[in-house]
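Just so you know, these numbers use all the heavy atoms, side chains as well, and skip hydrogens, waters and symmetry mates. Below, chain A is the first sequence line, B the second, and so on; all start at residue 1.
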Amino acid sequence: MPELPEVETIKGDLEKTVIGKKISRIEIFNPKVIRQPQAAEFKRSLTGLRVKRVLRRGKLLILELSNAKFLTVHFKMTGQLVLRKQEPAGERKLPDAGSKKSITRVTFYLDPGLALDYNDLRLFGELRLIDDWRKLKFIQELGPEPFGLSLTDFKKMLAKKKTKIKPLLLDQKFIAGIGNIYASEILFRSKIDPQRPVHDLSPLEQTVLYKEMLKVLQSAIKHGGSSVDDYVRVSGKNGDYARFHQVYGRNGKPCLVCRTPIKRIAQGGRGTFFCSKCQAVPSSGARKENPR
DNA sequence: AATGGGACCTGCGCGC
DNA sequence: TGCGCGCAGGTCCCAT
């Protein structure tokens with residue numbers, strides 16, 4: 001679930017807390033999330049390094065280390081990074097002691113006195129220690145960041161596509177960082193039906209889409225992201241943007257603009273939420289009739 | 001090129 | 001109360 005605004009929030013939280021800190025020790029509770037190199041070498045190579053910088057590209061979080069290598073974190077659906085105080089010696093417990101099952105997969109002990117837990121219920125997340133994050137195949141194929149993309153370029157990109165708009169917004173090769181929550185929210189605010197083919201969008205609609213995309217992402221970052229399922233900030237606290245959601249997860253509830261019940265449909269196996277009235281396909285004399 | 005499905009995982013909420 | 005099932009969605013991979 002962490003999408004661009006959530007990863008950007010985590011980045012900001014880490015910048016305030018772990019820059020310059022030394023990784024003194026690492027505990028790996030489930031090596032499945034360590035994708036590169038093997039867990040033992042991951043642990044050995046990382047121990048003793050300091051965190052130099054924190055970066056983000058799309059939904060990927062990148063920690064630049066003091067030896068110029070990089071620790072990358074892809075949270076996929078249920079990954080979390082949570083910072084806590086390291087328990088004084090003798091009082092150490094297993095992570096999440098008290099709850100039935102720990103979802104802490106890796107703990108990074110940071111001198112002085114801190115512990116950064118990588119939690120991941122579903123184990124889809126990926127941690128890597130690599131020489132250069134820019135060489136990751138996934139990164140090389142990634143589309144542009146929404147911020148820093150001009151309207152002109154955005155329109156040029158749209159012109160080449162024949163897909164429906166919602167799946168296209170989710171396509172990381174098209175544009176980086178948008179996931180299922182923000183795709184629905186952006187389209188609602190743009191008053192565009194998620195099922196519309198891209199080549200059908202008027203120039204005005206494309207402009208509106210571009211502006212709403214930036215507005216929604218910016219606002220979500222400002223409010224610390226959306227905590228709908230598992231996402232939490234580095235402090236363990238929820239992000240605050242979910243209360244601004246207009247359609248996501250509001251299946252059957254009245255549209256906040258027109259009271260029409262919000263619809264949920266499946267697109268590419270994923271849920272899409274929208275208001276069939278606010279996001280109706282505009283009637284146009286130029287539109288050829290399309291019976292059924 | 002676009003689209004659809006399965007795979008990876010686990011907990012939750014549902015119907016019976 | 002308990003069981004089985006579908007669902008959640010980021011990304012990769014294969015098939016059509």
Side-chain angles (χ1 to χ4, degrees), chain A residues 1-10 29-36 56-62 72-81 95-96 99-106 118-128 130 133 136-143 145-146 156-187 194-201 217 220 225-232 239 242 245 247-252 262-274:
Chain A
M1 295 270 208
E3 307 181 24
L4 187 155
E6 287 74 32
V7 181
E8 184 67 21
T9 299
I10 292 167
F29 303 100
N30 192 325
K32 190 158 268 184
V33 298
I34 313 280
R35 307 297 172 119
Q36 196 185 340
R56 179 194 60 75
R57 176 77 169 95
K59 300 171 190 171
L60 187 73
L61 181 80
I62 303 143
T72 66
V73 181
H74 200 304
F75 298 96
K76 295 291 179 82
M77 256 101 69
T78 56
Q80 306 172 331
L81 276 176
D96 284 2
S99 60
K100 50 243 146 147
K101 219 186 264 179
S102 171
I103 58 168
T104 297
R105 312 307 187 184
V106 181
Y118 178 73
N119 303 328
D120 193 345
L121 172 64
R122 290 172 66 183
L123 298 170
F124 287 169
E126 304 187 350
L127 306 190
R128 292 173 200 276
I130 49 177
W133 62 273
L136 289 171
K137 177 168 170 268
F138 153 74
I139 289 290
Q140 302 234 317
E141 294 174 350
L142 211 52
E145 288 288 318
K156 278 183 198 160
M157 286 160 55
L158 286 176
K160 293 183 205 154
K161 293 294 178 177
K162 296 202 155 101
T163 341
K164 289 169 178 149
I165 185 60
K166 158 71 161 37
L168 184 63
L169 290 177
L170 288 182
D171 181 356
Q172 302 300 297
K173 296 184 172 81
F174 177 73
I175 195 162
I178 298 174
N180 210 35
I181 295 174
Y182 294 106
S184 282
E185 293 299 321
I186 289 165
L187 288 170
Q195 304 163 102
R196 297 267 301 279
V198 173
H199 58 76
D200 230 31
L201 300 179
L217 295 175
S226 303
S227 290
V228 295
D229 288 316
D230 301 82
Y231 164 74
V232 290
H245 291 181
V247 287
Y248 184 81
R250 299 196 62 250
N251 191 18
I262 297 299
K263 270 194 191 166
R264 181 196 182 279
I265 59 171
Q267 282 186 298
R270 250 147 291 156
T272 298
F273 299 89
F274 69 111

Practice task
Name all residues meeting the ring-ring contact (aromatic ring centres under 6.0 Å, His included) criterion together with A/Tyr248; count only those two or more places apart in sequence or in a different chain, and write none if there are none.
Solution key: A/Phe273
Practice task
Dot-bracket for DNA chain B, please, read 5' to 3', with Watson-Crick or G-U wobble pairs under 3.5 Å on both distances, ( ) within the strand, [ ] crossing, | other strand, . unpaired.
Solution key: .|||||||.|||||||
Handout entry: Phosphate OP1/OP2 of B/dG11: any A/Lys101 side-chain N/O under 4.0 Å
Key = yes
Problem - Length of the CD-C1' vector between A/Gln267 and B/dA2, whole Å - result: 14 Å
Exercise for the section: Identify, between A/Lys162 and A/Lys32, the residue whose nearest nucleotide on DNA chain B lies closer to the 5' end. Expected result: A/Lys162
Exercise for the section: Could you tell me the separation between the CG atom of A/Asn119 and the P atom of B/dG11, rounded to a whole number of Å? Expected result: 13 Å
Problem - Between C/dC7 (P) and A/Tyr248 (OH): distance, integer Å - result: 14 Å
Exercise for the section: With sequence neighbours excluded, give me every side chain to side chain donor-acceptor pair (under 3.5 Å) pair touching residues 176-186 of chain A. Expected result: A/Glu6-A/Tyr182, A/Lys166-A/Asn180, A/Tyr182-A/Ser226, A/Glu185-A/Arg189
Exercise for the section: Report yes if the side chains of A/Asp230 and A/Asn119 come closer than 4.5 Å at any heavy-atom pair, otherwise no. Expected result: no
Problem - Interatomic distance where CZ belongs to A/Phe29 and P belongs to B/dT10 [whole Å] - result: 17 Å
Exercise for the section: Mark up nucleotides 10-16 of chain C, 5' to 3', with B wherever a protein heavy atom is under 4.0 angstrom from a base atom, S wherever such an atom reaches only the sugar-phosphate, and - elsewhere. Expected result: BBSS---
Exercise for the section: Remember a base hit wins even if backbone is also touched, and classify A/Gly268 as base, sugar-phosphate or nothing at under 4.0 Å, heavy atoms. Expected result: nothing
Exercise for the section: Quick one: list whatever passes ring-ring contact (aromatic ring centres under 6.0 Å, His included) with A/Phe138, sequence neighbours left out. Expected result: A/His74
Problem - side-chain contact (heavy atoms from CB on, under 4.5 Å) involving A/Lys160 - partner list, sequence neighbours excluded - result: none
Problem - Sequence-distant partners of A/Glu141, side-chain contact (heavy atoms from CB on, under 4.5 Å), two or more places apart - result: A/Lys137, A/Lys173
Problem - Nearest-Å distance once atom P is located in both B/dC9 and C/dC13 - result: 15 Å
Problem - Nucleotide B/dG13, atom C1' - distance to CG of A/Asn251 in whole Å - result: 15 Å
Handout entry: salt bridge (charged side-chain N to carboxylate O under 4.0 Å, His left out) partners of A/Lys164, counting only residues at least two apart
Key = none
Problem - Qualifying residues under ring-ring contact (aromatic ring centres under 6.0 Å, His included), relative to A/Phe274, sequence neighbours excluded - result: none
Practice task
Check the distance between B/dA2's P and A/Phe174's CZ and give it to me in whole angstrom.
Solution key: 11 Å
Practice task
Output yes when A/Glu3 and A/Lys59 qualify as a salt bridge under the 4.0 Å nitrogen-oxygen rule, no when they do not.
Solution key: no
Problem - Atom pair distance, as rounded to whole Å: CG in A/Asp230 and C1' in B/dC9 - result: 12 Å
